[in-house]
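Notes follow the structure.
In what follows, every heavy atom counts, from backbone to side chain, and hydrogens, waters and symmetry copies are set aside.
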Amino acid sequence: MEITDPISKLLLQLISSAFQRCRLAEDLCRLSLLLHQSTGDDPPITSILIADTGIGCSLVEFQDLRCPREFNGAKIWDGLLSVKTTCFSDDEVLCYHINLDECISNKRIKRQPSQAKNGTKFSGTEVSLSVSGCMDALVAPIITFFQKMLVLHLPNVTMDLVVEQGASPGTQTQYVFVMNGDQTPCFTASNLERLKSGLEDYVLRHGNCLDMMCEQCFSDRYIICYAILVSKTLAT
C-alpha cells in the first residue's frame, strides 16, 4: 500500500539511510528507533530518535530531503532535523541543525558546537525530530520496513523499535528484529514480492532510498538479473 503521509515517507528515508550506513560497516551494528509521545499536548507531540552505529553520515544524504510542514491543513512538524554524527577516526561528534524548508543550500545546514569523544573510538549517527499527531500511524510502516530488511540476511545488523507513551514504564513497547546468521527467517511471499525485495536490495546497495526514483538504479538490465537471483535465494 502506498504511503501518503509525508512524515512516514521522511522517516522511511531516514531509516533507509541509517540502514545503509550499517551495511557499509564491517562490525556488528545496531539501528535503533525511539518514538516518545508526550501527554497533555493537543495535538500530541511525538519525539523521534533514529540512531545507528554505522560508518557515520555524509551531509549529502540530507541535500534532497523534503517534507512539508503542513498536511491536510494541519501543521505536522517544524521542518527541523537535529543530526549528530562521527566516524571512527574522528576526535569529536559533529552536530548540525538541518532546516528542510530552506531552499538556499548554504543556509539549509547550520553547524552546532561539537561534542568531544574524550579519546573513545566509535562511529555512528543520531537524527532527531518532533512531529504532531497520532503516533500509531508511524509505527506500522516502520515495522513493515524492518521486516523487509530481515529478508536481506544481514547478520551484522540488529534493529529495534521502542514506542513510549507518557512517562510510565508500563506504557513502553519494544520491538526487536534480529537476524541470526545460522537461521533463515520465516518469510512466505509470492515470486513478485521476492522480485520486489531483490530490487529494493539493489537500490539500497547503490546508496539510494527506497521511495525515490533513481535513473542510475533502473537504467541497466543487470538489476533485473540481480533481483531474480535474490528472489531465487529467498525461495530456497
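For Cys22 against Leu31, the heavy-atom pair with the smallest separation is SG-CB, 4.4 Å. Asp160 approaches Phe146 most closely through the heavy-atom pair O-CE1, 4.0 Å. For the pair Cys29 and Thr53, the tightest heavy-atom approach, listed with the atom from each and the gap, is CA-OG1, 3.3 Å. The shortest non-hydrogen separation linking Leu100 to Arg66 is O-CD, 4.2 Å. The two residues Pro6 and Cys67 have their closest heavy-atom pair at O-SG, 3.7 Å. Between Ser114 and Cys95, the shortest heavy-atom contact is CA-SG, 4.5 Å.
Of the inter-residue distances, the one linking Glu102 atom CD with Lys107 atom NZ reads 6.0 Å to the nearest 0.5 angstrom. Rounded to the nearest 0.5 Å, atoms CG (Leu59) and CG (Leu94) are 8.0 Å apart. Summarising the geometry, atom CD belonging to Glu164 is positioned 10.0 Å from atom OG belonging to Ser47; distances are rounded to the nearest 0.5 Å. Taken to the nearest 0.5 Å, the NE2 atom of His36 stands 9.0 Å off from the OG1 atom of Thr46. In this structure, CD in Gln13 is found 9.5 Å from CG in Asp64, a value given to the nearest 0.5 Å. Here CD1 of Ile98 is found 10.5 Å from CD of Gln112. Values are rounded to the nearest 0.5 Å.
A continuous path of ILVMFWY side-chain contacts below 4.5 Å connects Tyr175 to Leu12, so both sit in one hydrophobic cluster. Ile143 and Val131 end up in the same hydrophobic cluster when Ile, Leu, Val, Met, Phe, Trp and Tyr side chains are linked at under 4.5 Å. By the criterion of side-chain heavy atoms lying less than 4.5 angstrom apart, applied directly or through intervening Ile, Leu, Val, Met, Phe, Trp or Tyr residues, Tyr96 is grouped together with Ile50 in one hydrophobic cluster. Residues Ile55 and Phe88 do not share a hydrophobic cluster, clusters being chains of Ile/Leu/Val/Met/Phe/Trp/Tyr side chains in contact below 4.5 Å.
Legend: residues meeting side chain to side chain donor-acceptor pair (under 3.5 Å) with Thr144, ordered by chain and number and at least two apart, are absent.
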Check your understanding: Can you list the steps and then say if Val163 with Leu138 is a side chain to side chain contact (heavy atoms under 4.5 Å, CB included)?
Key -> CA-CA 10 Å; Val163 179; Leu138 304 176; over 6 Å; no
Practice item. With side chain to side chain contact (heavy atoms under 4.5 Å, CB included) as the test, would you mind laying out the steps for Leu129 and Leu10 before giving the verdict? Key: CA-CA 11 Å; Leu129 63 154; Leu10 174 63; 4.2 Å; yes
Exercise for review: Let me see the working for Leu14 and Glu61 under side chain to side chain contact (heavy atoms under 4.5 Å, CB included), right down to the final yes or no.
Suggested key: CA-CA 9 Å; Leu14 295 172; Glu61 298 176 21; over 6 Å; no
Review point. Could you walk me through whether Phe62 and Val127 pass the side chain to side chain contact (heavy atoms under 4.5 Å, CB included) check?
Key: CA-CA 11 Å; Phe62 304 95; Val127 180; 4.2 Å; yes
Show which side-chain atoms of residues 71-87 pair as donor or acceptor with protein atoms under 3.5 Å away, not counting sequence neighbours.
from, atom 1, to, atom 2, distance (Å)
Trp77, NE1, Pro68, O, 3.1
Asp78, OD1, Leu80, N, 3.1
Thr85, OG1, Cys57, N, 2.9
Thr85, OG1, Gly124, O, 3.4
Thr85, OG1, Thr125, OG1, 2.9
Thr86, OG1, Glu92, O, 3.0
Thr86, OG1, Lys117, NZ, 3.0

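Residues Val157 and Met149 form no side-chain contact, since every pair of their non-hydrogen atoms from C-beta on lies 4.5 Å or further apart. Side-chain contact between Met159 and Leu150 is present, with heavy atoms from C-beta onward closer than 4.5 Å. Side chains of Ser32 and Val162 form no contact here, defined as non-hydrogen atoms less than 4.5 Å apart. The shortest distance between side-chain heavy atoms of Met135 and Pro44 does not fall below 4.5 Å. Put simply, the side chain of Ile45 reaches to within 4.5 Å of the side chain of Ser132, judged on heavy atoms. Annotation: side chain of Arg108 is in contact with side chain of Leu65 (closest heavy-atom distance under 4.5 Å).
Residue Asp101 places its CG atom among more than 12 non-hydrogen atoms of other residues, nucleotides or ligands, all under 6.0 Å distant. Counted within 6.0 Å of CZ on Arg69, heavy atoms from surrounding residues, nucleotides or ligands total more than 12; the atom is thus considered enclosed.
Remark: side-chain polar atoms of Ser123 are paired, donor with acceptor, to backbone N or O of Gly54 under 3.5 angstrom.
For residues 120-133, no residue pair satisfies the salt bridge (Lys or Arg N to Asp or Glu O under 4.0 Å) rule, not counting sequence neighbours.
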